[in-house]
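Below is one structure, written out as structure tokens; the observations come after it.
This structure is a prediction, so every number in the text was calculated from the model and none was measured.
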Number of protein chains: 2
Amino acid sequence: MDKVVTRKPVEPDPGQSRYAAVAEALRQRIVNGEWPPGTGMPSETSLASDHGVALGTLRQALTLLSKQGLIERRHGKGTFVRSGLAGAPMLRFFRFGAGDGEVPESRILTRKAAVASPDVARRLGVARGEPVLRLQRLRSLAGQPRLLEDIWLPLPVFDALVDVPLADIGNLLYPFFEATCGVAVARATDEIGFAMLSAAQAKALDLQAGHPCAVVTRQAYDLAGRCVELRITHGDAFAFHYSVTIT
Amino acid sequence: MDKVVTRKPVEPDPGQSRYAAVAEALRQRIVNGEWPPGTGMPSETSLASDHGVALGTLRQALTLLSKQGLIERRHGKGTFVRSGLAGAPMLRFFRFGAGDGEVPESRILTRKAAVASPDVARRLGVARGEPVLRLQRLRSLAGQPRLLEDIWLPLPVFDALVDVPLADIGNLLYPFFEATCGVAVARATDEIGFAMLSAAQAKALDLQAGHPCAVVTRQAYDLAGRCVELRITHGDAFAFHYSVTIT
DNA sequence: AAGTGGTCTAGACCACTCT
DNA sequence: GAGTGGTCTAGACCACTTG
């Protein structure tokens, strides 16, 4: 029996380049958990002979995955599967006069299981009426409440969160997701809009009802592309600030 | 006399890769106007022998310039110097229910030469008190005023704009800059914030004073990296909408 | 010193675009 | 068919990291 490490040389789909096919194969191996997030992959030389392509081709594949944010290459050390977003900092959208990279203190206000409303279901990518977990979370800097977050999580996946003591949930949610539920957030989309605070929201944020606020609607996805979180964040509009460069 | 087309093989600065050096050389040739925006550059093969490097290395240099948005490669046709931003559409920040890619009608409200205030000078990157041209511009969709823009332009460069009939200025500013003053906008930075409309602003936009508005502060740069425009745009905050993906 | 990713070369062939 | 950029190969050497 042929037990050489060499896999069958990838057969690119017609119209697809070989390095794209290799990249897809590697992506599968990553998603299947062959190299868990944060761990190192085999060397380029070994991967190349493994997939039966030249080194240059293998490198093109890795470059592609790197551009997609799936892996990270460190000169002299190796190629690593990127662990989830350490925390896609909401604070980058706001200027509260906080120190660089300061992590706001978090408090969970409410937690309850529910069924997905049509709107939530659509944005989570699940069927209407599916069970979800809903959190409300207040984030403060220097004792001052700054951000109010409404979070919906698909439930079969996040069952472990239903009963965990609230005190165990740290200030950063994504690392906690990964440690407790094995869910790594790989990608997120933020949509920015604008609204007025409701009376309840204003009270939590120590502002007045009708105060203008920025609304950040986030959808977070895991490696396989499933939406694993819907989060709607409200914060003082006058503290909002964001910068984009176009070319 | 040696008159071969081959240039002296680039000598990369220590700590710099060869392809980076080639890219820098090409960037210079572009900025110097050797290949004007929109025109095609010589073939990769010819550029490679021209700079005395292997084809692969030359391609790495072009890839770098391409990532920087300086050039554009078209399979089977050639490599082209990117012409300026056709118009970095302000409308992408707003949802006015306009059709896709619809260009708002523009009207110049005021035009006057002035000297740069400290703040304007800083953001334009010129000395305080330098002459500038100030425009105020109202942009409408379906007859409805939607965006109010305050624009500052450095004056020696934009002299031609001081006397041109306002009617000659079309709905898109950047192509007009390029045609009239030879200034191509290659890159722009937009900073987003929120504020309240002043009475004058509100009147122009057909809204009420104190109405919440989104403020987009744009700095536009030419190929050489000089700031050639400062623009502050105000629009209804409730029409604001923007989306970012992070990985 | 050994192992990793990064750069560079020289040459072959493929896919697209235009005439 | 001629010219362009895109892919692929095989091999050499460089630069960074670690034991």
Side-chain angles (χ1 to χ4, degrees), chain A residues 5-26 29-30 35 38-82, chain B residues 5-26 29-30 35 38-82:
Chain A
V5 274
T6 313
R7 306 176 161 244
K8 59 176 186 305
V10 286
E11 180 132 354
D13 297 346
Q16 187 192 36
S17 58
R18 181 159 301 187
Y19 76 77
V22 173
E24 197 41 57
L26 289 172
R29 296 177 75 176
I30 291 173
W35 310 294
T39 63
M41 299 168 64
S43 74
E44 300 184 337
T45 320
S46 120
L47 283 175
S49 78
D50 193 2
H51 284 85
V53 297
L55 181 59
T57 305
L58 189 276
R59 279 183 57 77
Q60 281 191 84
L62 288 185
T63 299
L64 190 58
L65 294 177
S66 173
K67 271 197 297 194
Q68 298 172 350
L70 209 64
I71 62 172
E72 191 176 345
R73 300 207 265 192
R74 298 185 208 146
H75 194 168
K77 300 190 70 174
T79 305
F80 299 81
V81 177
R82 280 191 49 179
Chain B
V5 273
T6 311
R7 306 175 160 242
K8 60 176 185 304
V10 286
E11 180 130 358
D13 298 345
Q16 187 192 35
S17 58
R18 180 159 301 185
Y19 75 78
V22 173
E24 197 41 56
L26 288 173
R29 295 176 75 176
I30 291 173
W35 310 294
T39 64
M41 299 167 64
S43 74
E44 300 183 337
T45 321
S46 121
L47 282 175
S49 78
D50 192 1
H51 284 84
V53 296
L55 180 58
T57 305
L58 188 276
R59 279 183 56 77
Q60 279 190 87
L62 288 187
T63 300
L64 191 59
L65 294 177
S66 174
K67 271 197 298 192
Q68 297 172 351
L70 209 64
I71 62 173
E72 190 176 345
R73 302 206 267 191
R74 297 183 210 149
H75 194 168
K77 301 189 69 172
T79 304
F80 299 81
V81 178
R82 282 192 45 178

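Residue B:Thr57 has a polar side-chain atom (N or O) positioned under 4.0 Å from OP1 or OP2 of C:dT9. Dashed line: the shortest gap from a side-chain N or O of B:Thr79 to OP1 or OP2 of D:dG5 is under 4.0 Å.
Map A:Arg73 and B:Lys77 each onto its nearest nucleotide of DNA chain C; the residue landing nearer the 5' end is A:Arg73. For B:Pro42 and A:Gly56, each mapped to the nucleotide of DNA chain D holding its nearest heavy atom, the one lying further toward the 5' end belongs to B:Pro42.
Considering only the side chain of A:Val53, D:dT9 comes nearest among C:dC8, D:dT9, C:dG6. In this structure, of D:dG5, D:dC8, C:dA10, it is D:dC8 that holds the atom nearest to the side chain of A:Ser17.
Here C:dG6 presents its C1' atom at 16 Å from CG of A:Leu47, a figure rounded to the nearest Å. The distance between atom CD of B:Gln16 and atom P of C:dT7, rounded to the nearest whole Å, is 12 Å. If you take NE2 of B:His75 and P of D:dG5, they are 9 Å apart, rounded to a whole angstrom. In this entry the distance linking CZ of A:Arg59 with C1' of D:dT7 reads 15 Å, nearest Å. In this structure, B:Arg18 places its CZ atom 15 Å from P of D:dC13, rounding to the nearest Å. Taking atom CG of B:Leu55 as the reference point, atom P of C:dC13 lies 15 Å away to the nearest angstrom. To the nearest angstrom, P of D:dG5 lies 8 Å from CZ of B:Phe80. Across the protein-nucleic acid pair, A:Leu62 atom CG and C:dT7 atom P stand 14 Å apart, rounded to whole Å.
Using a 4.5 Å heavy-atom cutoff, the side chains of B:His51 and B:Leu26 are in contact. Side-chain contact between B:Leu65 and B:Thr79: absent, with no pair of heavy atoms (C-beta onward) separated by less than 4.5 Å. Within the 4.5 Å cutoff, side-chain heavy atoms of B:Arg73 are placed close to those of B:Arg59.
Separating the OG1 atom in A:Thr57 from the CG atom in A:Leu47 is a distance of 13.0 Å, to the nearest 0.5 Å.
Between B:Gln16 and B:Ala21 the shortest heavy-atom distance is OE1-CB, 3.6 Å.
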